[in-house]
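For reference, positions follow the sequence shown, starting with 1.
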Amino acid sequence: MPPHLFAAPSSPGCDSLLAALKQVFLSLPAGSAVGVAVSGGPDSFALAALAAQVAGEQGHALHLLHVHHGLQAMADAWADQVRALAAALHVNCDVRRVEVACDQGDGIEAAARAARYQALGDMAGRASIRHVLLGHHLDDQAETVLLRLLRGAGPEGMGAMAASTERGGVTYLRPWLDIERARIAAVAQSLAGELGLALADDPTNMDARYARGALRSRVLPAIAGHWPGYRATLSRYARLASNAAEVLAEVAKADLQSVLQVHPAHGETVNIPVWRELSAARRAMALRAWLARQGVAMPSEARLAQMCEQLLRAAPDRQVLLRHDGVQVRSYRNRVMLDRARTVVAKDAAASSATDEPAPLSTIHWQGEPSIYLPELAGTLYFDQVQHGLDPQWLLAQPLRVGLRRGRERLRPNSLGPSRSLKNLYQEAGIPAWERARLPLVWRGSVLLFAAGLGLDARAVLAPDGVMLRWHSDSPGATISRPHDKPPPNAG
C-alpha cells in the first residue's frame with residue numbers, strides 16, 4: 001500500500017461505513033475528482049477519512065471542502081482543523097468563507113444552509129468536481145422528517161433527504177443515510193486518535209434556541225425513551241411518503257393534461273368547466289400543478305383553498321382576480337390564465353380626461369425605421385414592410401401619437417360599415433378587459449389609425465408597397481401580434 005494511502009482501523013462499525021462508501025464510489029466515473037463537505041465534526045471527519053482510503057484504492061482525487069460561516073467564535077479553529085485533516089490524509093483542501101444573511105425571513109439556519117450550498121457549488125466548480133459526499137446519517141434523516149412534519153409539510157415534502165440530489169450542476173451523495181449517528185461518532189473518535197487530530201464541536205448542535213438543536217437536546221431523548229427504534233420508523237415513513245407523493249404527482253399531471261387548453265395569446269390555460277368535474281382534492285392538485293408549470297411559487301394550503309373556492313363558484317361571465325407571488329391569476333370566459341404584465345397608466349390621463357383628445361404617452365416621428373421601442377408602454381411598435389399597407393409617405397408627413405384608451409374610442413374596421421366602439425370590438429376579439437387597458441392606440445392627428453389587437457382603421461391611406469403596424473408587448477398576452485393586425489377590407 002502506498003505510504004500516502006490512509007488505512008482505517010478494522011472494526012465492525014468501520015467496515016459497514018466503508019462498505020457503504022465503496023458502493024457509492026463504484027458508481028462514479030473512473031478517475032474523477034470527488035469532493036467531501038467537511039465541517040470538522042465527527043460525521044464529516046469520519047466521512048473524509050474513510051473516503052480518502054476508498055478514493056486512494058479506486059484512483060479518485062479527493063478534495064475536502066469546508067465552508068467557514070463566521071457565526072461561531074471557533075470558526076477559524078474549525079477551518080484549521082479541516083486543513084490539518086487534509087494534510088494528514090494527503091488530499092486537497094479548499095476553505096471558503098461566506099457571509100450569512102441573518103435577517104432573512106426563513107431564519108439563520110436556512111440562510112446558513114443556502115450560503116453553504118452556494119459555496120460548495122462554487123468550490124466544486126473550480127476543481128471540476130461533479131460529485132460531493134455529505135455526512136448525513138439516519139439521525140439527521142429522522143430529525144428532518146420531524147421538522148418538516150411540525151412545519152406542516154404535505155406528502156411531497158415528507159420524503160426527507162434523498163441518497164442523491166442534484167443542485168447547480170453538482171450531485172450531492174449521502175452514503176450513510178441508513179447508519180446511526182452513534183456508530184459514526186464512535187468510528188470518528190477512533191480515527192481522530194489514529195491521526196492525532198481533534199474533532200470540532202459545534203455548540204449550536206444542541207442549542208435549544210434553534211429548531212434542530214431543540215429536537216436533539218429535548219424532544220428526541222424523550223422519544224427515544226419510549227420508542228428506541230424511532231429513527232428507522234421515521235426513515236421508513238419518509239420513504240412511504242415519497243412513494244405516495246410520486247403517485248399523487250402522476251395523478252396531478254394526468255388531471256392537468258385533461259384540463260389544459262392552449263390559448264394563442266395566453267399559452268396554457270385551465271378549462272374551468274372540465275376542472276370543476278374533478279373532486280375537490282384533485283382540483284387543488286391540478287391547480288398546484290398548473291402554477292408549478294408556470295414557474296409560480298406554491299401557495300399555502302389556505303391560499304390554494306381560497307383560489308379553488310373562488311374559481312369553483314365564479315359565474316361564466318364573472319372575471320376572477322387572484323394575486324399571488326407577484327403575478328395575477330385571472331379567469332375569463334371559462335378559462336384560468338396567468339397575467340404577468342405590469343399595469344401601464346398614462347401619466348397625463350387625468351389632465352386629458354376633460355378634453356376630447358387622447359391621452360398620449362408618446363409622440364413619435366417615424367423616419368422609416370423597422371421598429372420603435374416605447375419603454376413607458378413596455379413594448380415595441382413595428383413597421384413591417386408589406387405588399388399592400390399604409391402609405392409610407394402619408395405616415396412620414398405627420399407625427400404619430402401613441403396612447404392608451406380613455407373610453408368612447410371608435411374604430412372603423414371596414415370601409416363598407418360604420419365605426420364601432422373599441423369595447424365591442426375587443427369583446428368580439430376575446431381580449432379580456434384588463435388587457436384592453438394596456439393595448440396602445442396610434443393616432444395620426446385626430447384620427448385613430450391603429451388599435452393593437454384589432455388592426456387599422458378603414459380610413460387609413462394605403463399603398464402597394466406599404467407598411468403594416470404591429471404591436472408586441474414585453475409581456476405575453478393580448479398584446480402579442482394577432483391575425484387581426486392587417487389592413488381592413490376596402491381601406492384607403
Pairs in or reaching into residues 225-244: which pass salt bridge (Lys or Arg N to Asp or Glu O under 4.0 Å), with residues at least two apart or in two chains?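 Of all non-adjacent pairs touching residues 225-244, those that pass salt bridge (Lys or Arg N to Asp or Glu O under 4.0 Å) are Asp139-Arg231.
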Any non-hydrogen side-chain atom of [X] less than 4.5 Å from a side-chain atom of [Y]?
X: Leu248; Y: Met285; value: yes
X: Leu17; Y: Ile179; value: yes
X: Ile431; Y: Tyr332; value: no

side-chain hydrogen bond (donor to acceptor under 3.5 Å, both in side chains) involving [X] - partner list, sequence neighbours excluded:
X: Asp384; result: Arg470
X: Arg209; result: Asp207
X: Arg216; result: Asp140, Glu143, Asn205
X: His68; result: Asp76

With sequence neighbours left out, write down each residue that passes ring-ring contact (aromatic ring centres under 6.0 Å, His included) with [X], or none if nothing qualifies.
X: His60; result: Phe25
X: Tyr382; result: none
X: Phe45; result: none

Minimum heavy-atom distance Lys22-Gln58, with the two atoms named: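 Lys22 and Gln58 have their closest heavy atoms at O-NE2, 3.9 Å.
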So which pairs with a foot in [range] pass ring-ring contact (aromatic ring centres under 6.0 Å, His included), sequence neighbours left out?
range: residues 270-296; answer: none
range: residues 117-148; answer: Tyr117-Tyr172
range: residues 213-235; answer: none

Using the test side-chain contact (heavy atoms from CB on, under 4.5 Å), find all partners of Asp325 that sit at least two apart in sequence or belong to another chain. Val296, Ala297
Does either side chain, that of Ser44 or that of Ser39, offer a donor lying less than 3.5 Å from an acceptor on the other one?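 A donor-acceptor contact under 3.5 Å links the two side chains.
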Within this structure, what is the CG-CZ distance for the pair Leu65 and Arg96, rounded to the nearest 0.5 Å?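 Between atom CG of Leu65 and atom CZ of Arg96 there are 9.5 Å.
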